[in-house]
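Before any comments, here is the structure.
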Amino acid sequence: MSDTLYRFTLSPNGPVFDLPIYVALEEGIFEKNGLKVDFVDKYDPASSSQDPFKRQKEALYEAGAASAYNLCEWAGLDRSEKSSRGSQVFGLRPAVAAQAIITFDEDIQEPRDLENVAVGINELTGSHYTTLQLLEGAIPRDTIIVEHAGPPHERYQSLKDGKLHAIAIMEPFISLALKEGAHIVAVNFYRGAEVISPDVPTDKREAYVASVNEAADLIRADFNRYKHHVVAELNGRLAPEELASHFVHYAHSRPLDEKRFDYTYEWMKTWNLTKGTSEYKRLVA
């Protein structure tokens with residue numbers, strides 16, 4: 001039967017975002033829908049560069065090793081716009097994750113306290129974009145400071161070492177930080193994007209989406225069953241039962257419609273995060 005399956009290769013993202021893929025692999029959902037899905041490499045949490053295209057998931061995709069990967073919505077548009085290989089956003093991913101601005105500093109209690117305070121982010125990722133969105137309604141734009149501080153484990157260590165007073169972070173680091181005495185200053189849930197090579201046939205894209213949607217239903221029915229995947233990268237610092245259930249949700253993937261694209265793209269332009277020269281049909285499948 002395996003000879004009849006369409007091979008769909010993936011570049012890995014963090015486990016909290018890729019959990020529906022893990023579950024679909026575990027439960028045989030991809031095979032049921034006619035796909036042979038493989039990660040082309042093991043997720044490397046240390047993969048870091050200020051240049052997004054030198055990071056693991058982008059580099060593997062651009063080299064032609066992977067058919068698809070997921071990342072935040074804004075970055076999905078950015079990477080598709082700048083891709084030398086060609087890519088498009090073909091939907092919003094199932095993981096609806098929180099980025100939380102956290103701190104150990106008792107003088108920082110609300111977003112207004114972050115005026116002229118550097119917030120550690122990973123440049124041009126969800127931590128970057130959501131920080132701008134969280135703070136622009138609370139303090140003047142010219143007092144918002146974001147500082148590239150690498151992938152999540154590096155950002156969190158910089159916070160613990162006192163090199164930064166605040167960082168934006170997602171699970172499982174939110175739960176770890178709260179366990180270790182940090183507190184949340186602000187939090188924002190956001191949808192990510194599924195980026196895929198245009199040469200993948202439409203019916204195979206649809207089979208992939210159907211598979212991760214079915215996996216999302218299983219997670220939603222019993223998140224505790226799968227939490228061990230999310231905490232694995234912390235190497236025992238957080239037990240599966242210590243991972244909170246309210247900082248990430250799993251929902252059905254849905255299209256990135258033109259109205260949403262226009263609003264997102266225009267917002268990116270206001271922060272000089274895109275030159276704004278692309279149209280919806282160029283970046284979205």
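In this structure, CG on D78 lies 12.5 Å from CD on E73, to the nearest 0.5 angstrom. Distance CG/L114 to CG/D105: 9.5 Å, rounded to 0.5 Å. Between the CG atom in L238 and the CD atom in E180 there is a gap of 8.5 Å [rounded to 0.5 Å]. Note that CZ of F104 is 12.0 Å distant from CG of L164, once rounded to the nearest 0.5 Å. The distance from the CZ atom of R191 to the CG atom of N70 is 11.5 Å, given to the nearest 0.5 Å. In this structure, H229 NE2 and L243 CG are separated by 12.5 Å, a value rounded to the nearest 0.5 Å.
No side-chain N or O of Q99 forms a donor-acceptor pair with one of T131 less than 3.5 Å apart. Residues E233 and H153 have side chains that never bring a donor and an acceptor to within less than 3.5 angstrom of each other. Counted by atom type alone, D199 and S197 present one or more donor-acceptor pairs between their side chains at under 3.5 Å. Using modelled atom types and a 3.5 Å distance limit, the side chains of T270 and E266 yield no donor-acceptor pair. T274 and E81 are linked by a side-chain donor-acceptor pair at a separation below 3.5 angstrom, with hydrogens and angles left out of the test.
Looking only at side-chain heavy atoms (C-beta outward), L218 and V23 come within less than 4.5 Å of each other. Contact check for R55 versus P151: no side-chain heavy atoms found under the 4.5 Å cut-off. Within the 4.5 Å cutoff, the side chain of L256 has no heavy atoms near those of the F90 side chain. Annotation: side chain of K269 is not in contact with side chain of K275 (no heavy-atom distance under 4.5 Å). Side-chain contact between D18 and P15: absent, with no pair of heavy atoms (C-beta onward) separated by less than 4.5 Å. With contacts defined as side-chain heavy-atom distances shorter than 4.5 Å, the pair P20/I219 qualifies. At a threshold of 4.5 Å between non-hydrogen side-chain atoms, the residues I169 and I174 count as touching. T264 has its side chain within reach of L77: a pair of non-hydrogen atoms, C-beta onward, lies under 4.5 Å apart.
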Please test Q56 against Y69 for side-chain hydrogen bond (donor to acceptor under 3.5 Å, both in side chains), starting from the C-alpha separation and ending with a verdict. CA-CA 10 Å; Q56 184 186 29; Y69 63 99; over 6 Å; no

Run the side-chain contact (heavy atoms from CB on, under 4.5 Å) check on T9 and F39 step by step: do they pass? CA-CA 6 Å; T9 54; F39 282 109; over 6 Å; no

Go through the steps for E214 and K32 under the test salt bridge (Lys or Arg N to Asp or Glu O under 4.0 Å), then give the verdict. CA-CA 11 Å; E214 186 174 341; K32 182 181 71 174; 2.6 Å; yes

Evaluate side-chain contact (heavy atoms from CB on, under 4.5 Å) for Y43 paired with K57, printing each intermediate quantity in order. CA-CA 9 Å; Y43 172 63; K57 57 183 180 287; over 6 Å; no

List the steps, then state whether salt bridge (Lys or Arg N to Asp or Glu O under 4.0 Å) holds for E31 with K36. CA-CA 6 Å; E31 289 87 347; K36 177 176 173 52; over 6 Å; no

Full working for side-chain contact (heavy atoms from CB on, under 4.5 Å) between D38 and L25: CA-CA 9 Å; D38 304 297; L25 288 168; over 6 Å; no

Step by step, work out the ring pair (Phe, Tyr, Trp, His ring centres under 6.0 Å) result for W74 and Y190. CA-CA 10 Å; W74 310 274; Y190 66 104; 5.7 Å; yes

Take R79 and E62 through the test salt bridge (Lys or Arg N to Asp or Glu O under 4.0 Å) and record every step on the way to the result. CA-CA 10 Å; R79 308 303 191 267; E62 291 297 316; over 6 Å; no

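Annotation for F17 and A97: closest pair CE2-CB, 3.5 Å, computed over non-hydrogen atoms. Here the shortest heavy-atom pairing between S87 and V195 reads CB-CG1, 3.5 Å. In plain terms, the two heavy atoms of I101 and A166 that are nearest each other are CG2-CB, 4.1 Å. Here the shortest heavy-atom pairing between T277 and Y265 reads N-OH, 3.1 Å. The nearest pair of heavy atoms linking Y208 to I21 is OH-CD1, 3.4 Å. Closest approach of A210 and N33 over heavy atoms only: C-ND2, 4.3 Å.
Counting only residues at least two apart or in different chains, salt bridge (charged side-chain N to carboxylate O under 4.0 Å, His left out) contacts with residues 217-232 comprise E27-R225, D217-R220. Within the structure, salt bridge (charged side-chain N to carboxylate O under 4.0 Å, His left out) contacts touching residues 126-137 (residues at least two apart or in different chains) are E136-R141. Sorted by first and then second residue, the salt bridge (charged side-chain N to carboxylate O under 4.0 Å, His left out) pairs with a member in residues 201-210 form an empty list; sequence neighbours excluded. Applying the salt bridge (charged side-chain N to carboxylate O under 4.0 Å, His left out) test to every pair with at least one member in residues 145-154, sequence neighbours left out, gives no pairs at all.
For R254, there are no side chain to side chain donor-acceptor pair (under 3.5 Å) partners two or more places apart in sequence or in a different chain. With sequence neighbours left out, the side chain to side chain contact (heavy atoms under 4.5 Å, CB included) criterion links A193 to V89. Scanning for side chain to side chain contact (heavy atoms under 4.5 Å, CB included) contacts around R282 gives S278, with sequence neighbours left out. Here L273 pairs with L124, H128, Y129, L132, W267, M268, W271 under the side chain to side chain contact (heavy atoms under 4.5 Å, CB included) rule; sequence neighbours left out. In this view, A221 satisfies the side chain to side chain contact (heavy atoms under 4.5 Å, CB included) rule with no residue, not counting sequence neighbours. Looking at residues two or more places apart in sequence or on another chain, you find no salt bridge (Lys or Arg N to Asp or Glu O under 4.0 Å) involving K163. Applying the salt bridge (Lys or Arg N to Asp or Glu O under 4.0 Å) rule to D41 yields no partners; only residues at least two apart in sequence or on another chain are considered.
Side-chain atoms of S127 come within 3.5 Å of backbone atoms of N122 as a donor-acceptor pair (strictly under, hydrogens ignored). Of the possible donor and acceptor atoms, one in the side chain of S211 sits under 3.5 Å from a partner among the backbone N and O of A207.
Because its NZ or CZ atom is not both nearer than 6.0 Å to the ring centre of F173 and within 45° of the ring axis, R155 does not count as a cation-pi partner of that residue.
Sparse packing is recorded around NE2 of H165, with 12 or fewer heavy atoms of other residues, nucleotides or ligands lying under 6.0 Å away. For Q109, the CD atom is densely surrounded, since the number of other residues' heavy atoms within 6.0 Å is greater than 12. For R85, the CZ atom sits in a packed shell: over 12 heavy atoms of surrounding residues, nucleotides or ligands are nearer than 6.0 Å.
Side-chain heavy-atom separations under 4.5 angstrom define the hydrophobic clusters, and the remaining members of the one that includes F189 are V96.
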